[in-house]
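Report on one structure; see the data block that follows.
All of these numbers come straight from a predicted model, not from anything done at the bench.
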Amino acid sequence: MAASGPPNQENLEVGLASLRGLGLKPEVFASARAGGEYLAGDDSLRARDLTAALTDPAFTAVFCAAGGYGAQRTLELVDWDAVGTPTPRTVIGFSDVTALLEAVAVKLGWTGLFGPMPAIRGFHPGRADFDALAALLTDPTSVKELRFPDSRPLVGGTAEGVTLGGTVTLLACSLGTDTSLPARGGIVLLEDVDEETFRLDRFLTQLRRAGYFDGAAGIVCGTFTDCGTRARVEELLHDRLGDLNIPVLVGADIGHGVPQQTFPVGTRARLDADAGVLTFLDPVLA
């Protein structure tokens with residue numbers, strides 16, 4: 001289904017074929033076929049599709065076809081009392097889908113996957129991001145850790161907590177809503193795209209002032225594609241995160257602009273910022 005913008009249909013067909021190749025049987029909801037200037041159909045369509053995807057016992061996973069913008073508007077119309085306590089299933093997506101991953105964690109207690117989506121170009125076997133997601137979906141017990149060979153500690157040390165977070169702008173935009181998931185006790189993922197450095201500063205500062213980072217255990221910083229030079233972004237991250245007195249890892253291959261590793265949201269984990277390793281303390285999709 002589409003919780004946000006209108007998916008690229010050509011890419012979606014490739015993605016659906018890739019899912020079928022894993023032995024999955026995808027059902028395409030109307031929102032994933034809907035057009036629009038920047039929203040996939042209207043808000044009520046996306047909210048109905050999301051509710052059906054979350055509640056119908058026939059489904060074991062909910063793939064968001066693509067990101068863009070619109071998940072916050074979709075969530076505004078979801079009746080969580082009507083959703084109730086359905087059989088748990090995995091929700092998958094990233095970027096704008098951050099808002100939805102937070103929502104299902106808060107409202108339903110489910111683990112989501114911040115990872116690649118079917119209508120994003122390159123969603124097919126042989127790419128590291130697709131293959132990593134496929135391993136989590138088909139043999140989750142085999143995935144014990146994430147290693148980030150090109151990462152480095154901004155602040156060294158180790159920490160344990162429940163994984164959460166996602167795209168910075170979406171985390172900031174959820175503040176004050178009933179689906180915001182504060183970072184207390186968590187290992188927080190932060191990444192973003194197409195934000196000038198001063199705007200990224202604004203959102204990180206908003207999260208700080210709102211108390212979002214209070215009690216956080218550790219931070220994993222992924223990609224910040226087209227947010228300024230690497231040196232300038234890391235300078236900002238050091239300024240806004242370095243005084244939290246918790247381990248902070250930068251340079252993880254999670255987020256926009258890279259074949260990304262899939263980051264679970266809602267799993268107990270241990271972060272070793274010096275070694276660049278996130279070890280899962282529980283089976284990811286238990």
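- Looking at D243 and R208, a side-chain N of the basic residue comes within less than 4.0 Å of a carboxylate O on the acidic one, giving a salt bridge.
- Here the straight-line distance linking atom OG of S4 with atom CD of Q72 works out to 9.0 Å at 0.5 Å rounding.
- Side chains of L100 and V91 form a contact here, defined as non-hydrogen atoms less than 4.5 Å apart.
- Taking all atoms of both residues into account, the shortest heavy-atom contact from P116 to T262 is CD-OG1, 3.6 Å.
- Inter-residue side-chain proximity for V97 and F114 is flagged as unmet; no heavy-atom pair is nearer than 4.5 Å.
- Taking all atoms of both residues into account, the shortest heavy-atom contact from F213 to L241 is CZ-CD2, 3.9 Å.
- In terms of modelled atom types and a separation under 3.5 Å, the side chain of Q260 and the main chain of T223 share no donor-acceptor contact.
- In this structure, Y212 OH and L181 CG are separated by 6.5 Å, a value rounded to the nearest 0.5 Å.
- Side-chain atoms of C221 and L249, non-hydrogen and from C-beta on, never get closer than 4.5 Å to each other.
- Taking CD1 of I219 as the reference point, atom CG of L237 lies at 9.0 Å (rounded to 0.5 Å).
- The distance from the CG atom of L164 to the OG1 atom of T111 is 11.5 Å, given to the nearest 0.5 Å.
- Across all non-hydrogen atoms, the minimal contact from L77 to S44 is CD1-N, 3.7 Å.
- Looking at Q261 and D253, their side chains do bring a donor and an acceptor atom within 3.5 Å of each other.
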Report task. Could you give me the CA-CA distance, side-chain angles and deciding distance for L50 and V78, then say whether side-chain contact (heavy atoms from CB on, under 4.5 Å) is met? Result -> CA-CA 8 Å; L50 176 59; V78 173; 3.8 Å; yes

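- Counting only distance, with no hydrogens or angles, the side chain of N8 and the backbone of N11 share a donor-acceptor pair below 3.5 Å.
- Classification of R73 and E76 as a salt-bridged pair fails, no side-chain N sitting under 4.0 Å from a carboxylate O.
- With hydrogens and angles ignored, the 3.5 Å screen pairs no side-chain donor or acceptor of S174 with any backbone N or O of L171.
- Looking at heavy atoms from C-beta onward, V248 lies out of side-chain contact with P153 at the 4.5 angstrom threshold.
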Query raised in the report: Could you go step by step and tell me if H256 and F224 meet the ring-ring contact (aromatic ring centres under 6.0 Å, His included) rule?
Result: CA-CA 7 Å; H256 297 77; F224 289 89; 9.9 Å; no

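- Of the possible donor and acceptor atoms, one in the side chain of S18 sits under 3.5 Å from a partner among the backbone N and O of V14.
- Both F59 and L136 belong to a common hydrophobic cluster when Ile, Leu, Val, Met, Phe, Trp and Tyr are linked at side-chain heavy-atom distances under 4.5 angstrom.
- Between L271 and V220 the shortest side-chain heavy-atom distance falls below 4.5 Å.
- Considering only heavy atoms from C-beta on, L200 comes within 4.5 Å of L236 through its side chain.
- Residue T98 holds its OG1 atom at 6.5 Å from CD of E191, rounded to the nearest 0.5 Å.
- Ring geometry, F123 versus F63: the interplanar angle exceeds 60°, so the pair is classed perpendicular (tilted spans 30 to 60°).
- The two atoms that bring T87 and W110 nearest to each other are O-CZ2, 3.6 Å, heavy atoms only.
- At a threshold of 4.5 Å between side-chain heavy atoms, the hydrophobic network of Ile, Leu, Val, Met, Phe, Trp and Tyr places V188 and V106 in one connected group.
- Applying the under-4.5 Å side-chain rule to Ile, Leu, Val, Met, Phe, Trp and Tyr, the cluster around L12 extends to L16, V28.
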Query raised in the report: Would F203 and F198 count as a ring-ring contact (aromatic ring centres under 6.0 Å, His included) if you check the C-alpha gap in whole Å, the side-chain angles of each, and the deciding distance to 0.1 Å?
Result: CA-CA 9 Å; F203 287 114; F198 80 89; 9.9 Å; no

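- In terms of modelled atom types and a separation under 3.5 Å, the side chain of T167 and the main chain of L170 share no donor-acceptor contact.
- Under the 3.5 Å distance criterion, the side-chain polar atoms of R48 are left unmatched by any main-chain donor or acceptor of D43.
- The existence of a salt bridge linking R121 and E13 is excluded, since no basic side-chain nitrogen approaches an acidic carboxylate oxygen closer than 4.0 Å.
- Side-chain contact check for T85 versus L108: every heavy-atom pair is 4.5 Å or farther apart.
- F94 and V258 end up in different hydrophobic clusters when Ile, Leu, Val, Met, Phe, Trp and Tyr side chains are linked at under 4.5 Å.
- In this structure, R46 does not pair ionically with D49, as no charged nitrogen and carboxylate oxygen lie closer than 4.0 Å.
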Report task. Begin with the C-alpha distance, continue with both residues' side-chain angles, and end with the deciding distance and a verdict on side-chain contact (heavy atoms from CB on, under 4.5 Å) for F130 and I120. Result -> CA-CA 11 Å; F130 177 87; I120 299 298; over 6 Å; no

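- For residues 266-281, every residue pair satisfying the salt bridge (charged side-chain N to carboxylate O under 4.0 Å, His left out) rule, not counting sequence neighbours, is listed here: E160-R270, R268-D282.
- A donor and an acceptor atom, one from each side chain of T205 and D201, are located under 3.5 Å apart.
- In this structure, F148 has no ring pair (Phe, Tyr, Trp, His ring centres under 6.0 Å) partners at least two apart in sequence or on a different chain.
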**Report entry** Evaluation steps, salt bridge (charged side-chain N to carboxylate O under 4.0 Å, His left out), between E234 and R152
**Finding:** CA-CA 11 Å; E234 290 193 12; R152 52 217 164 272; 2.2 Å; yes

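- Note: L146 CG to S151 OG = 11.0 Å, rounded to the nearest 0.5 Å.
- Contact detail for A217 and P247: the closest heavy-atom pair is O-CD, 3.4 Å.
- G222 and L189 make their closest contact through N-CD1, 4.3 Å (heavy atoms, listed as atom of the first residue, atom of the second, distance).
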**Report entry** salt bridge (charged side-chain N to carboxylate O under 4.0 Å, His left out) assessment of E145 paired with R147
**Finding:** CA-CA 7 Å; E145 64 183 18; R147 289 187 167 270; 2.7 Å; yes

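- Side-chain contact check for V83 versus K107: every heavy-atom pair is 4.5 Å or farther apart.
- For the residue pair E102/T179, the side-chain donor-acceptor check at 3.5 Å is not satisfied.
- For the residue pair T169 and D192, a side-chain donor N or O sits within less than 3.5 Å of a side-chain acceptor on the partner.
- A donor-acceptor pair under 3.5 Å links the side-chain atoms of T197 to the main chain of C227, judged by distance alone.
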